[in-house]
2 protein chains.
Amino acid sequence: MTLLTIQNASQRSRLSEPTLRYYEEIGLIGPIARDERSGHRRYREQDLDDLQVLACLRAMGVGIEDMRTYQANRAKGRSAAGEQRDILTRHAKRIEQEIATLQVHLRYLEAKAGLWDARDRGDGPGEEAAASRVHVLLDQLEAVLS
Amino acid sequence: MTLLTIQNASQRSRLSEPTLRYYEEIGLIGPIARDERSGHRRYREQDLDDLQVLACLRAMGVGIEDMRTYQANRAKGRSAAGEQRDILTRHAKRIEQEIATLQVHLRYLEAKAGLWDARDRGDGPGEEAAASRVHVLLDQLEAVLS
DNA sequence: GAACAGACCTCAAGCGCTTGAGGTCAAGCA
DNA sequence: TGCTTGACCTCAAGCGCTTGAGGTCTGTTC
């Protein structure tokens with residue numbers, strides 16, 4: 001049975017070391033075994049599996065409480081499959097929404113950056129005031145859309 | 001000159017009341033005038049313009065320090081236009097990246113939700129173990145991609 | 001005139017981490 | 001043998017707000 005240091009566990013799970021300690025502290029993963037002399041954490045392969053799952057969920061913006069539920073259900077197997085699916089589809093919807101919003105923002109940012117660019121080059125008299133007015137309009141548009 | 005309560009300002013800027021107080025506290029917007037008797041905040045149209053801009057920036061994930069810079073530059077007009085454009089294009093890149101990542105996650109979530117769905121219906125003997133194995137593989141894939 | 005509702009105030013704590021300070025432990029080297 | 005290095009430890013504070021507690025002010029109703 002291979003035991004991993006927190007550094008190894010961090011690399012393989014792609015979670016930072018403080019995050020690993022944090023997840024243990026709040027009980028998202030069970031207490032990790034310690035080295036007797038040094039008191040340092042030693043992770044088992046089993047722990048790594050758990051971390052892998054948590055890392056995925058986190059990457060998708062799943063909140064701590066949902067992670068907790070998901071982990072608990074994982075142990076139950078088939079009987080809790082429905083709830084697992086619900087958690088995931090709920091987040092899939094959130095992400096779809098988020099993508100749509102970001103795409104609006106992106107268009108806005110590009111338009112606006114273009115404006116400052118024109119202003120930077122200073123395209124003639126009256127340009128300054130006109131650009132300023134367009135800025136305000138764009139901001140208002142964005143406020144309505146967001 | 002119309003003066004607005006914090007509630008009105010919140011509605012029109014789409015920033016929560018605590019956020020308005022917070023932005024004032026950290027100096028993102030200048031100190032807001034107060035009603036003499038009650039001590040309640042009274043927002044001017046000028047303040048609303050500032051809030052509008054901040055709301056846009058925030059909606060796009062621009063950090064506080066960049067907001068501060070952006071606001072300061074706004075007052076300078078043409079001379080700081082280059083820096084304004086930089087802030088915006090920098091964030092545009094971030095958002096593009098974010099969209100790409102989210103799209104990967106979305107595909108992953110859908111695949112995974114489908115798996116739990118199959119497991120829920122229980123498609124026969126041996127299915128349980130097989131699904132479990134696929135779960136682990138998917139998690140690893142996601143860990144690499146994210 | 002007293003009681004109530006509603007909008008506002010300030011202050012403190014919570015979220016999910018990250019960052020930093022300050023200290024311990026274990027191994028390698030002069 | 002003492003000294004350095006590096007990986008680890010714990011604890012506290014910071015991020016950008018949000019939420020909640022507890023109190024004040026103003027206006028309305030009985």
Side-chain angles (χ1 to χ4, degrees), chain A residues 2-29 31-44 47 50-51 53-71 87 91 94 98 105 146, chain B residues 2-29 31-44 47 50-51 53-71 87 91 94 98 105 146:
Chain A
T2 5
L3 294 179
L4 301 167
T5 64
I6 194 170
Q7 195 182 51
N8 290 147
S10 164
Q11 284 161 355
R12 287 186 43 190
S13 66
R14 309 214 163 193
L15 294 169
S16 73
E17 300 182 17
T19 299
L20 295 187
R21 296 192 190 100
Y22 177 66
Y23 282 0
E24 184 181 349
E25 187 193 333
I26 64 173
L28 249 188
I29 46 175
I32 301 298
R34 302 295 185 118
D35 180 272
E36 279 215 341
R37 2 193 65 203
S38 65
H40 294 181
R41 291 171 177 80
R42 299 292 172 231
Y43 294 82
R44 299 179 236 155
D47 297 327
D50 289 352
L51 289 176
V53 173
L54 292 175
C56 293
L57 295 176
R58 187 184 83 141
M60 290 172 274
V62 174
I64 298 274
E65 283 320 306
D66 271 348
M67 288 191 196
R68 216 187 284 280
T69 309
Y70 193 93
Q71 284 288 63
I87 290 178
H91 280 281
R94 249 190 4 86
E98 219 166 296
H105 291 161
S146 68
Chain B
T2 4
L3 295 178
L4 300 167
T5 64
I6 195 170
Q7 195 182 50
N8 291 146
S10 164
Q11 284 161 357
R12 287 186 43 189
S13 66
R14 308 216 165 193
L15 295 169
S16 73
E17 300 182 17
T19 299
L20 295 187
R21 296 191 191 102
Y22 177 65
Y23 281 180
E24 184 181 351
E25 186 192 333
I26 64 174
L28 250 189
I29 47 176
I32 301 299
R34 302 295 186 120
D35 180 273
E36 280 215 341
R37 6 193 62 204
S38 65
H40 294 181
R41 290 172 177 79
R42 299 291 173 233
Y43 293 82
R44 298 179 239 153
D47 298 327
D50 290 352
L51 289 176
V53 173
L54 292 175
C56 292
L57 296 176
R58 186 183 86 141
M60 291 173 273
V62 174
I64 298 274
E65 283 321 305
D66 271 347
M67 288 190 195
R68 218 188 283 281
T69 309
Y70 193 92
Q71 284 288 64
I87 290 177
H91 279 281
R94 249 190 5 86
E98 218 166 298
H105 291 162
S146 67

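The structure displayed is predicted, hence computed values, not measured ones. Naming: A, B, ... by sequence-line order, numbering from 1 per chain.
Nucleotide D:dT26 holds its P atom 17 Å from the CD atom of B:Gln7, rounded to whole Å. Atom-to-atom, CD1 of A:Ile32 to P of D:dT10 comes out at 12 Å; the value is rounded to the nearest Å. The distance between atom CG of B:Leu54 and atom P of D:dC17, rounded to the nearest whole Å, is 10 Å. Taking atom CG on A:Leu20 and atom C1' on C:dC17, their separation rounds to 12 Å, with Å as the unit. Whole-Å rounding puts the A:Ile29 CD1 to C:dG16 P distance at 16 Å. If you take OH of A:Tyr22 and C1' of D:dC8, they are 21 Å apart, rounded to a whole angstrom. Nucleotide D:dC9 holds its C1' atom 12 Å from the CD atom of A:Glu24, rounded to whole Å. For the pair A:Glu17 CD and D:dG6 C1', the interatomic distance rounds to 12 Å; values are reported in whole Å.
Rounded to the nearest 0.5 Å, atoms CD1 (A:Ile32) and CZ (A:Arg21) are 12.0 Å apart. In this structure, CG on B:Leu20 lies 11.5 Å from CG on B:Leu28, to the nearest 0.5 angstrom. The CG atom of A:Leu51 sits 11.0 Å away from atom CZ of A:Arg58, with the distance rounded to the nearest 0.5 Å.
Residue A:Arg41 has a polar side-chain atom (N or O) positioned under 4.0 Å from OP1 or OP2 of D:dT10. Proximity of A:Ser16 to the phosphate of C:dT18: a side-chain N or O atom is located under 4.0 Å from OP1 or OP2. In terms of phosphate contacts, A:Tyr23 brings no side-chain nitrogen or oxygen within less than 4.0 Å of OP1 or OP2 of C:dG16. For A:Arg21, no side-chain nitrogen or oxygen approaches OP1 or OP2 of C:dT18 to under 4.0 Å. A sub-4.0 Å separation between OP1 or OP2 of C:dG16 and a side-chain N or O of A:Thr19 is absent.
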Exercise. Could you go through the side chain to side chain contact (heavy atoms under 4.5 Å, CB included) check for A:Val62 and A:Tyr70 one step at a time?
Key: CA-CA 10 Å; A:Val62 174; A:Tyr70 193 93; over 6 Å; no
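Using a 4.0 Å heavy-atom cutoff across all strands shown, B:Arg34 reaches sugar-phosphate atoms only and no base atom. Using a 4.0 Å heavy-atom criterion, one finds that B:Ile26 contacts no nucleic acid atom at all.
Mapped onto DNA chain D by nearest heavy atom, B:Glu65 and B:His40 fall at different nucleotides, with B:Glu65 at the one closer to the 5' end. DNA chain C is contacted by both B:Thr5 and A:Val62; B:Thr5 maps to the nucleotide lying nearer its 5′ end (nearest heavy atom per residue).
Distances from the side chain of A:Ser38 to the nucleotides D:dG16, C:dA26, C:dG16 place C:dA26 closest.
In this structure a side-chain-to-backbone donor-acceptor pair under 3.5 Å is present from B:Asp47 to B:Arg44.
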